[in-house]
Enquirer: 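Please see the structure below; I have some questions.
Predicted, not measured: the structure shown is a model, and the values here were computed from it. Numbering of residues begins at 1 and proceeds along the displayed sequence.
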Amino acid sequence: LTWEIANLGFQSQGNEFSYFMLLASHMILNRSQKDQHTLYPFIHETTNVLKISHQLRQVVLPDVDPYSLPSQSKFSMSAGDFLEVYSEKENFGMWDVVSACFFIDTAHNVIQYFECISRILKPGGLFINFGPLLFHYADMPNELSIEISYEELRPTLEYCGLKIVKEEFDLPSKYASNKYSMLQMTYRCIFL
């Protein structure tokens, strides 16, 4: 998402907490060329397989040349917990847009995310979000987590200073799935 936004000509900074995701991003963005890596992500799927060719299907990546960004692009990555990275005063009022995909439910406390987003946006800035409310820490022992319905979450956005301009519900989305599997899991996402 961050690369795509930069490719459109906007300054873009990604944020990632997971060391494993950072390693994969670094490899793809800094050490790869278009169509360089061939993976067989479904090779170990032995159930719900209609055809062996579906199980043996390869995925080639990256699907774009990571080095094809325009030379004037301002593209960067920020490693660390979102709140720790962006709660510093130097980030207040710095961003025109915060764009998030499958993100807000990664918070221990989603209200703190909204407060931080509200502080780092410039006046009139936009918060764009797409994703479910999976709440990553909900079933983890010894992890405090706030899990609320969207009905409860919506007024929290406005309380934190984020005005809702557009809302769409029930948008189907898959996440890292085999489109040929006989078992499909689809999220019913919210777009703000």
Side-chain angles (χ1 to χ4, degrees), residues 1-39 41 59-137 143 145 156-157 160-166 171 173-176 187 189-192:
L1 177 62
T2 306
W3 186 93
E4 294 288 346
I5 290 170
N7 195 44
L8 292 171
F10 298 101
Q11 177 180 343
S12 181
Q13 182 174 80
N15 171 247
E16 180 57 59
F17 176 74
S18 165
Y19 184 67
F20 299 108
M21 294 288 193
L22 286 165
L23 283 174
S25 295
H26 174 75
M27 185 195 82
I28 296 297
L29 294 171
N30 300 305
R31 302 280 187 249
S32 299
Q33 298 173 9
K34 184 178 188 305
D35 298 332
Q36 181 177 354
H37 307 285
T38 302
L39 305 176
V59 175
V60 180
L61 57 104
D63 62 344
V64 296
D65 179 6
Y67 296 100
S68 66
L69 286 176
S71 59
Q72 72 278 11
S73 294
K74 294 182 179 177
F75 170 59
S76 62
M77 287 294 291
S78 160
D81 177 85
F82 176 76
L83 291 176
E84 290 178 17
V85 172
Y86 294 100
S87 289
E88 301 294 325
K89 284 192 173 197
E90 64 201 37
N91 288 299
F92 291 10
M94 183 176 170
W95 301 98
D96 293 306
V97 176
V98 172
S99 181
C101 184
F102 281 70
F103 168 70
I104 62 171
D105 59 356
T106 66
H108 283 94
N109 180 339
V110 70
I111 298 165
Q112 290 177 327
Y113 270 20
F114 294 153
E115 289 171 339
C116 183
I117 291 166
S118 181
R119 282 192 301 271
I120 67 175
L121 283 172
K122 291 179 180 176
L126 295 174
F127 170 51
I128 301 169
N129 178 75
F130 178 81
L133 294 176
L134 183 60
F135 295 114
H136 292 243
Y137 297 102
E143 291 286 349
S145 177
T156 305
L157 283 161
C160 293
L162 299 167
K163 182 181 173 187
I164 297 172
V165 178
K166 181 178 182 177
L171 300 172
S173 179
K174 297 183 188 303
Y175 188 86
Y187 290 100
C189 294
I190 298 166
F191 174 77
L192 298 171

Enquirer: Can you confirm whether K174 is buried at NZ, in the sense that more than 12 heavy atoms of other residues, nucleotides or ligands lie under 6.0 Å from that atom?
Expert: yes
Enquirer: Would you call S118 and F127 a side-chain contact if the rule is heavy atoms closer than 4.5 Å?
Expert: no
Enquirer: Would a distance-only check, ignoring hydrogens and angles, find a side-chain to backbone donor-acceptor pair under 3.5 Å from N15 to G80?
Expert: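 Indeed, once roles are kept as given, a pair shorter than 3.5 Å links the two residues.
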Enquirer: Pick one: which of L1, N7, T2 meets side chain to side chain contact (heavy atoms under 4.5 Å, CB included) with I5?
Expert: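 With I5 as partner, side chain to side chain contact (heavy atoms under 4.5 Å, CB included) holds for just one option, L1.
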Enquirer: Is the number of heavy atoms from other residues, nucleotides or ligands under 6.0 Å of E143 CD greater than 12?
Expert: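 More than 12 heavy atoms, drawn from other residues, nucleotides or ligands, come within 6.0 Å of this atom.
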Enquirer: Ignoring hydrogens, what is the shortest heavy-atom contact between G93 and K122? Give both atom names and the distance.
Expert: O-CG, 3.0 Å
Enquirer: Run L29 and F75 through side chain to side chain contact (heavy atoms under 4.5 Å, CB included) and show every step you take.
Expert: CA-CA 11 Å; L29 294 171; F75 170 59; 3.8 Å; yes
Enquirer: Under 4.5 Å between any side-chain heavy atoms of S173 and F102, yes or no?
Expert: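 The answer is yes, as the side chains (C-beta and beyond) meet within the 4.5 Å cut-off.
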Enquirer: Taking it one step at a time, do L171 and Y187 satisfy side chain to side chain contact (heavy atoms under 4.5 Å, CB included)?
Expert: CA-CA 8 Å; L171 300 172; Y187 290 100; over 6 Å; no
Enquirer: Would you check if the side chain of S87 reaches a backbone N or O of E84 as a donor-acceptor pair within less than 3.5 Å?
Expert: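 No: the side chain of S87 does not pair with the backbone of E84.
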Enquirer: Would the number of heavy atoms belonging to other residues, nucleotides or ligands and lying under 6.0 Å from OH of Y67 be above 12?
Expert: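 Yes - once you tally the heavy atoms of other residues, nucleotides and ligands closer than 6.0 Å, there are more than 12.
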Enquirer: Run the numbers on I117 and F82 for side chain to side chain contact (heavy atoms under 4.5 Å, CB included), then give the verdict.
Expert: CA-CA 10 Å; I117 291 166; F82 176 76; 3.7 Å; yes
Enquirer: Identify the two heavy atoms, one from L22 and one from E16, that lie closest to each other, and give their separation to 0.1 Å.
Expert: CD2-CB, 3.6 Å
Enquirer: Within the side chain of N91, is there an N or O that forms a donor-acceptor pair under 3.5 Å with the backbone of V85?
Expert: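 Checked: pair present.
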Enquirer: Within the side chain of S32, is there an N or O that forms a donor-acceptor pair under 3.5 Å with the backbone of M27?
Expert: yes
Enquirer: Would W3 and V64 count as a side chain to side chain contact (heavy atoms under 4.5 Å, CB included) if you check the C-alpha gap in whole Å, the side-chain angles of each, and the deciding distance to 0.1 Å?
Expert: CA-CA 10 Å; W3 186 93; V64 296; 3.7 Å; yes
Enquirer: Which residue in the set F17, F114, Y113 passes ring pair (Phe, Tyr, Trp, His ring centres under 6.0 Å) when paired with F103?
Expert: Y113
Enquirer: Would you say N129's side chain and L192's backbone share a donor-acceptor pair under 3.5 angstrom?
Expert: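 Pair absent, no side-chain N/O of N129 close to backbone of L192.
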Enquirer: Could you label the plane-to-plane angle of the Y86 and W95 rings as parallel, tilted or perpendicular, counting under 30° as parallel and over 60° as perpendicular?
Expert: perpendicular
Enquirer: Can you tell me if T156 uses its side chain to pair, donor with acceptor, with the backbone of I111 under 3.5 Å?
Expert: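 A pair under 3.5 Å: no.
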